[in-house]
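What you see below is based on every heavy atom in this structure, not just the backbone, and it leaves out hydrogens, waters and symmetry mates.
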Amino acid sequence: MPRVLTIAGTDPTGGAGVQADLKAFMAAGAYGMSVVTALVAQNTQGVRSVHTPPLEFLQAQLDAVLDDVTVDAVKIGMLGNADITASVEKFLDQLAPSTPVVLDPVMVATSGDRLLDEQAEAAVRQLCSKATVITPNLKELAVLTDTPQAQTFEEATVIAQRWAADTGTAVIVKGGHLPSGDAGNAAVSADGVLVQVSSPRVETKNTHGTGCSLSSALAARLGAGEDLAEALEWSTTWLHEAIANADALNVGKGHGPVDHGHMLRRLAGLS
């Protein structure tokens, strides 16, 4: 069983952040661990406040994990500022070079607001070169590459291929925010599209935490030894089921979470 670490912020209502990451790890067959970068007071209706603990405490968490547990894969989410990003980059240098690292570059809110200052954005761009794969949404892909936001899946894959060639990092292009009926994903390298996985669009408002969840499932499957194409196929299929059954959770008054556990309950004969 792969031992997978998430480094991210929190969500007290459980739909995103480290809470969602840990649920996704379990669903994907991994043992989950978490290091918290920020304590976020949020719910299905939005973010209310963010508390960033001292940098020394972040380092203490990272050291506590590394001193005791072999890390088979890492998922990185919310970082918040350049100092946190630099600390995480140093931590990655201590891992085995073959350790898969999935970076979900949390840079732009759903509203379109930029979440990081220029210094922090530059630090995240640098961190991308240390990742095995990055999973930006279309707004974040535009910020990373300093290009206009892609309006089609094909346009996004071209931008992602150029970025992959420049950084040596694979990119997941996500179709969820495009208007087409297919909300699937593609893994793109410097050589082009490695695999494209179709996924029927689900008409629901309950998609809170889908980015966190996809990147975490991907990290778990990579940590188990799958290649990127296999990991993306499994993660996309699992996430589609989680979204398709999200409405039945009845969690929150806003954009609710997906059902991370539906596949496990189905396989156990409980759904």
Side-chain angles (χ1 to χ4, degrees), residues 6 8 15-17 20-21 24 27-28 75-78 100-112 115 124-125 128 131-145 147-164 167 169-189 192-222 226 228-244 246 255 257-258 260:
T6 174
D21 296 341
K75 177 267 171 84
I76 302 170
M78 178 182 181
V101 176
V102 178
L103 172 59
D104 184 17
V106 181
M107 305 174 78
V108 185
T110 303
S111 62
L115 300 175
V124 171
R125 286 191 186 93
C128 285
T132 307
V133 57
I134 63 172
T135 61
N137 60 34
L138 295 181
K139 292 183 177 71
E140 289 158 348
L141 181 62
V143 171
L144 284 171
T145 58
T147 60
Q149 183 176 328
Q151 300 302 309
T152 67
F153 200 84
E154 292 72 20
E155 185 180 347
T157 58
V158 171
I159 296 170
Q161 184 176 356
R162 288 200 298 263
W163 175 256
T167 62
T169 301
V171 181
I172 302 301
V173 174
K174 300 185 287 190
H177 289 163
L178 290 168
S180 70
D182 190 337
N185 306 304
V188 181
S189 74
V193 177
L194 299 174
V195 64
Q196 187 165 340
V197 185
S198 295
S199 183
R201 185 173 300 279
V202 178
E203 295 301 326
T204 177
K205 68 171 184 176
N206 296 318
T207 57
H208 181 53
T210 50
C212 303
S213 302
L214 178 69
S215 56
S216 296
L218 199 63
R221 302 303 287 195
L222 291 172
E226 292 185 344
L228 184 54
E230 292 171 323
L232 184 62
E233 288 176 357
W234 191 94
S235 300
T236 301
T237 300
W238 165 77
L239 184 58
H240 170 75
E241 180 170 338
I243 296 172
H255 295 279
V258 303
H260 298 86

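R125 has its side chain within reach of L144: a pair of non-hydrogen atoms, C-beta onward, lies under 4.5 Å apart. Within the 4.5 Å cutoff, the side chain of H240 has no heavy atoms near those of the T237 side chain. Looking at T135 and E140, their side chains never come closer than 4.5 Å, going by heavy atoms from C-beta outward. In this structure, R201 and S180 have side chains that are in contact, with non-hydrogen atoms separated by less than 4.5 Å.
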**OP:** Step by step, work out the side-chain contact (heavy atoms from CB on, under 4.5 Å) result for L228 and L218.
**Re:** CA-CA 8 Å; L228 184 54; L218 199 63; 4.3 Å; yes

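Among D104, V124, V171, V106, the single residue meeting the side chain to side chain contact (heavy atoms under 4.5 Å, CB included) criterion with P136 is V171. If you run side chain to side chain contact (heavy atoms under 4.5 Å, CB included) between V173 and each of I159, V188, N137, only V188 comes through.
In plain terms, the two heavy atoms of W234 and A27 that are nearest each other are CH2-O, 3.5 Å. Among all heavy-atom pairs drawn from S199 and T236, the shortest one is CB-CG2, 3.8 Å. Residues P257 and A246 share a closest heavy-atom pair of O-CB, 3.5 Å. Residues L232 and A187 approach most closely at CD2-N, 3.5 Å, considering heavy atoms. Scanning both residues, C212 and G17, for their nearest heavy atoms gives SG-N, 3.5 Å. Heavy-atom minimum distance, A231 versus S235: O-OG, 2.8 Å.
E241 pairs by the salt bridge (charged side-chain N to carboxylate O under 4.0 Å, His left out) definition with R266, not counting sequence neighbours. Under the rule for a side-chain contact (heavy atoms from CB on, under 4.5 Å), the partners of E154 that lie at least two apart in sequence or sit in another chain are T152. The side-chain contact (heavy atoms from CB on, under 4.5 Å) search around P100 returns A73, T132, L222, not counting sequence neighbours. Looking at residues two or more places apart in sequence or on another chain, you find a side-chain contact (heavy atoms from CB on, under 4.5 Å) between T167 and W163, T169. Partners of T145 according to the side-chain hydrogen bond (donor to acceptor under 3.5 Å, both in side chains) rule, which considers only residues two or more places apart in sequence or in another chain, are T147.
Residue I76 holds its CD1 atom at 11.5 Å from CD1 of I134, rounded to the nearest 0.5 Å. Interatomic distance, CD of Q196 versus CG of D182, reported as 7.0 Å (0.5 Å rounding). Atom-to-atom distance recorded for T204:OG1 and I243:CD1 is 8.5 Å, nearest 0.5 angstrom.
A side chain to side chain donor-acceptor pair (under 3.5 Å) check over residues 206-217, counting only residues at least two apart or in different chains, returns the pairs D11-H208, D21-S216, K75-S215, K75-S216, N206-D247, S213-H260.
Although no hydrogens or angles enter the test, the distance criterion places a donor-acceptor pair under 3.5 Å between the side chain of E155 and the main chain of Q151.
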